[in-house]
Colleague: 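Okay, here's the structure, questions in a sec.
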Amino acid sequence: MYINYSDLPGQQNLFLDYVYEFDNVQRFYKKNFRNFDDYANHFLELTTNPKPHRKLLSNILKEQYKGFKTGKLTQHNIELLSNPKTIAIVTGQQLGILGGPLYTFYKTITVIKLANSLKEKFDDYNFVPVFWMEGDDHDFKEISFIKLPDKTNTIREFGYEDRDTDGNSPSTSEIRLGDEIEIIKGKLRENILETEFTDELFKIISGCYGENETFSSSFRKLFFHFFDEFGLVIFNPTEKSVKEILKPIFKKEIDNYKLHAHKSVELSAELDDVYHAQVKVKPINLFMLENGSRHLVEPAGENEFRLKDKRKHITKEELLAKIENEPELFSPNVLLRPVCQDHLFPTGCYVAGPSEISYFAQALPLYDFFDVETPIIFPRSSATILENNVGKKLEKLGLNLEQLYWDQKSLKSMLVNTNAEFNTEHFFAELQDEISGRIQSAESIIVEIDPTLKDSVEKSLQKIMHTLDLLEEKISKARERKYDTLLNQLNSVRSIIYPNEKLQEREFNFIYFTNKYGLDFVKWVYNQITINKFEHQIIEL
């Protein structure tokens, strides 16, 4: 079963047009993900003008995989990246603790299946799925917890207690998990349902998430465990050897930031006129580490710069020298990151979620400045897992799945009215119409007698309508109490399908389903997910 994205709440118009009405957004995106001529032309361009550092990138990956018992397919894919006929199919995500929300798994599955699908259609090329670990990100608060239902099906957060960091916190890849990870795992174990799969699941989790691990190393181990058999290449862009290759990008950003910023601001204004600009444009798209903290580089006069929230100034010559000698101190922001990614890799497609698709509209103009080929932006698969028992409850309530995405008040009202003796909303709407009509009819007679009474009549009507609204609200609450069991069943179903008024994939962690249904859950999802429908998929379990 599939649900059109436009029938889901909270979907951005830019994303909807990108998926369903591409002609409307053609001026913001160079390539149409539905047009196979664009694929053929793009792949030819990538392989005709090969990256000079292909071999070096393949060697960097071999170093990154030392210590891992890498499967033959992944080893083969790493070797293939040095081949001029190889094209990377890339996705990336922040390093969410314990894998983050489910959609990170869905993105990863999409990138693997897309690489396989393209190989069938374009057999002259090799396609390698790559996961870019966004370890340069510094939003610790966003990645420091997960959500899932506990034993009572109450949705709970499990994560670090102190999540407040300033905007200049260190890159998340370098943050060690510390002893608090043991507390988090203990709380998780204590609060989730004990099943036949729990012991083995927590053995895997503990093997990846120990107190001496970093957010980067633990995330890598977890995704290696689940996706190595599919040949996924997991790439860490934070290492010095990687930043060495990126030095020309960093220097060019410093040299030409005014031109880059002007074009980005111009395009963002155009986006805002029709849709929205996902990202606030900064003068310079570069961060620098100093004393363990990551600071945005800002202009501070002609040929002079400073780090955000720092008084110290640095000349352009000094800044360029730092990039040359210590490139590991620098990292791109959200707009420059895609350019860095596609400078490094021969990227055929980037698998993106709705928000990423929006900010790519702002990032794509930068590709021309840096002479980097723009990838095809391919929408990731999106899914909700419908458990059998939840489906049965839904059927018993007489609801279809789409209705669960209504706002809570309307859904409750509809459910009660469907099961009640009469429809409260219709009854009071008709009553208000009747009373309003009668008073308005009487108004002409009253005003004819005394014109000064017109305001009194209108105020009386307003008071009556207000009284009826209060009465309707009291009756609705009384009926809700009467149908309390029914509404509890609704809340129970909705908390699994649409938890916290958000898509399940954005709220739940993989642990919830894996603990209930077994360690092959991720593999099962891999087999179930489709990558070419471009609608929200309902997967029955």
Colleague: Donor-acceptor pair, N285 side chain versus L335 backbone, under 3.5 Å?
Modeller: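 No, N285 side chain to L335 backbone: no donor-acceptor pair under 3.5 Å.
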Colleague: Just to verify, which of D136, D137, T104 counts as forming a side chain to side chain donor-acceptor pair (under 3.5 Å) with Q94?
Modeller: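 Going through the options one by one, the only one that passes is D137.
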Colleague: Is the shortest side-chain heavy-atom distance between M1 and L386 below 4.5 Å?
Modeller: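 The answer is no, as the side chains (C-beta and beyond) never meet within the 4.5 Å cut-off.
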Colleague: Would you say I531 and V351 make side-chain contact, with heavy atoms under 4.5 Å?
Modeller: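 The answer is no; the side chains never approach within 4.5 Å.
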Colleague: Measure from the side-chain N and O atoms of N509 to the backbone N and O of G100, and report whether any donor-acceptor pair falls under 3.5 Å.
Modeller: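 Side chain of N509 to backbone of G100: a pair is present.
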Colleague: Is the side chain of K113 donor-acceptor paired with the backbone N or O of I529 at a distance under 3.5 Å, no angle test?
Modeller: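 Yes; judged by distance alone, with no hydrogens or angles, the pair exists.
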Colleague: Could you go through the side chain to side chain donor-acceptor pair (under 3.5 Å) check for K107 and Y103 one step at a time?
Modeller: CA-CA 6 Å; K107 284 178 82 174; Y103 70 77; over 6 Å; no
Colleague: Compile the donor-acceptor pairs under 3.5 Å between side chains in residues 121-134 and protein atoms, sequence neighbours left out, one pair per line.
Modeller:
unit_1	atom_1	unit_2	atom_2	d
K121	NZ	S117	OG	3.0
N126	ND2	T86	OG1	3.1

Colleague: Do F305 and I284 have side-chain heavy atoms sitting under 4.5 Å apart?
Modeller: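 Contact flag for F305/I284 side chains = yes.
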Colleague: What do you reckon, is CD of E501 surrounded by more than 12 foreign heavy atoms closer than 6.0 Å?
Modeller: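 Counting neighbours around CD of E501, more than 12 heavy atoms of other residues, nucleotides or ligands fall under 6.0 Å, so yes.
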Colleague: Is a donor from one side chain sitting under 3.5 angstrom from an acceptor on the other, for E45 and N49?
Modeller: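 Yes.
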Colleague: Please walk me through it: do D342 and Y350 pass side chain to side chain donor-acceptor pair (under 3.5 Å)?
Modeller: CA-CA 9 Å; D342 301 326; Y350 182 83; over 6 Å; no
Colleague: Using a strict cut-off of less than 4.0 Å between a Lys/Arg side-chain nitrogen and an Asp/Glu carboxylate oxygen, indicate whether E79 and K62 qualify as a salt bridge.
Modeller: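 Salt bridge: yes.
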Colleague: Run the numbers on S358 and Y275 for side chain to side chain donor-acceptor pair (under 3.5 Å), then give the verdict.
Modeller: CA-CA 9 Å; S358 294; Y275 299 105; over 6 Å; no
Colleague: For the residue pair S331 / R294, report whether a side-chain donor-acceptor contact shorter than 3.5 Å exists.
Modeller: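 There is such a pair (donor and acceptor under 3.5 Å, judged by atom type) between the side chains of R294 and S331.
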Colleague: Between L114 and I89, what is the shortest heavy-atom contact and its length?
Modeller: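 So the two residues come closest at CD2-CG2, 3.8 Å.
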Colleague: Would you check if there is a donor-acceptor pair between the side chains of Q64 and N236 at a distance under 3.5 Å?
Modeller: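 No, no side-chain donor-acceptor pair sits under 3.5 Å.
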Colleague: With a 6.0 Å cut-off on the ring centroids, do F219 and F215 count as close?
Modeller: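 No, too far apart.
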Colleague: Does F345 have K51 sitting over its ring (NZ/CZ under 6.0 Å from centre, angle to axis within 45°)?
Modeller: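 Judged by the rule, K51 and F345 form no cation-pi pair.
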Colleague: Where is the tightest heavy-atom contact between P499 and I155, given as atom of each residue plus distance?
Modeller: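 Smallest interatomic distance, heavy atoms only, reads CB-CD1, 3.2 Å.
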Colleague: Which of these passes side chain to side chain contact (heavy atoms under 4.5 Å, CB included) with R34: F22, Y39, F534?
Modeller: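 Among F22, Y39, F534, the one that satisfies the side chain to side chain contact (heavy atoms under 4.5 Å, CB included) with R34 is F534.
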Colleague: Within a strict 4.5 Å, meaning less than it, do heavy atoms of the Q341 and P237 side chains meet?
Modeller: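 Sidechains of P237 and Q341: no contact.
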Colleague: Please evaluate residues S381 and I109 with respect to the criterion side-chain contact (heavy atoms from CB on, under 4.5 Å), reporting the C-alpha separation (whole Å), side-chain torsions for both, the decisive distance (0.1 Å), and the verdict.
Modeller: CA-CA 8 Å; S381 295; I109 291 169; over 6 Å; no
Colleague: Is the Y405 ring parallel, tilted or perpendicular to the H536 ring (thresholds 30°, 60°)?
Modeller: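 Because their plane-to-plane angle is over 60°, the rings of Y405 and H536 count as perpendicular.
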Colleague: Where is the tightest heavy-atom contact between L366 and V339, given as atom of each residue plus distance?
Modeller: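 Closest approach of L366 to V339: CB-CG2, 3.9 Å.
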Colleague: Between the side chains of E373 and K31, is the shortest nitrogen-to-carboxylate-oxygen separation below 4.0 Å, so that they form an ion pair?
Modeller: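 Result for this pair is yes, salt bridge flagged.
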Colleague: Answer yes or no: is there a side-chain heavy-atom contact under 4.5 Å between Y65 and I234?
Modeller: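 In short, these two side chains touch, coming nearer than 4.5 Å.
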Colleague: Compute the centroid of each ring, for F513 and then for F105, and state whether the two points are separated by less than 6.0 Å.
Modeller: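 F513 vs F105: aromatic centres not under 6.0 Å.
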Colleague: Residues in side chain to side chain contact (heavy atoms under 4.5 Å, CB included) with D368, at least two apart?
Modeller: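 Once residues adjacent in sequence are excluded, the partners of D368 under the side chain to side chain contact (heavy atoms under 4.5 Å, CB included) criterion are K30.
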Colleague: Measure the shortest side-chain to side-chain distance between N116 and F230 over non-hydrogen atoms and say whether it is less than 4.5 angstrom.
Modeller: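 N116 does not reach F230 side chain to side chain.
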Colleague: Between I385 and Y517, is there a side-chain heavy-atom distance shorter than 4.5 Å?
Modeller: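 Not touching, per the 4.5 Å side-chain cut-off.
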Colleague: Tell me if the NZ atom of K516 is crowded by more than 12 foreign heavy atoms within 6.0 Å.
Modeller: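 Count over threshold, so yes.
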Colleague: With a 4.0 Å cut-off, would you call E302 and K258 a salt bridge?
Modeller: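 The answer is yes: the pair qualifies as a salt bridge.
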Colleague: Report yes or no: is the cationic atom of R220 (NZ for Lys, CZ for Arg) closer than 6.0 Å to the six-membered ring centre of F68, at no more than 45° off its axis?
Modeller: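 Cation-pi check for R220 and F68: passes.
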Colleague: Does the ring center of Y18 lie less than 6.0 Å from the ring center of F28?
Modeller: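 No, ring centres 6.0 Å or more apart.
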Colleague: Any salt bridge between E229 and K523, counting N to O under 4.0 Å?
Modeller: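 Salt bridge flag = yes for K523 with E229.
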Colleague: Do other residues, nucleotides or ligands put more than 12 heavy atoms under 6.0 Å from the NE2 atom of H276?
Modeller: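 Enclosed: over 12 neighbouring heavy atoms sit under 6.0 Å from NE2 of H276.
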Colleague: With a 4.0 Å cut-off, would you call K322 and E290 a salt bridge?
Modeller: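 Salt bridge absent between K322 and E290.
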Colleague: How long is the gap from CG on N77 to OG on S58, to the nearest 0.5 Å?
Modeller: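 N77 atom CG to S58 atom OG measures 10.5 Å (nearest 0.5 Å).
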Colleague: Looking at K252 and D371, is any side-chain nitrogen of the basic one under 4.0 Å from a carboxylate oxygen of the acidic one?
Modeller: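 Salt bridge: no.
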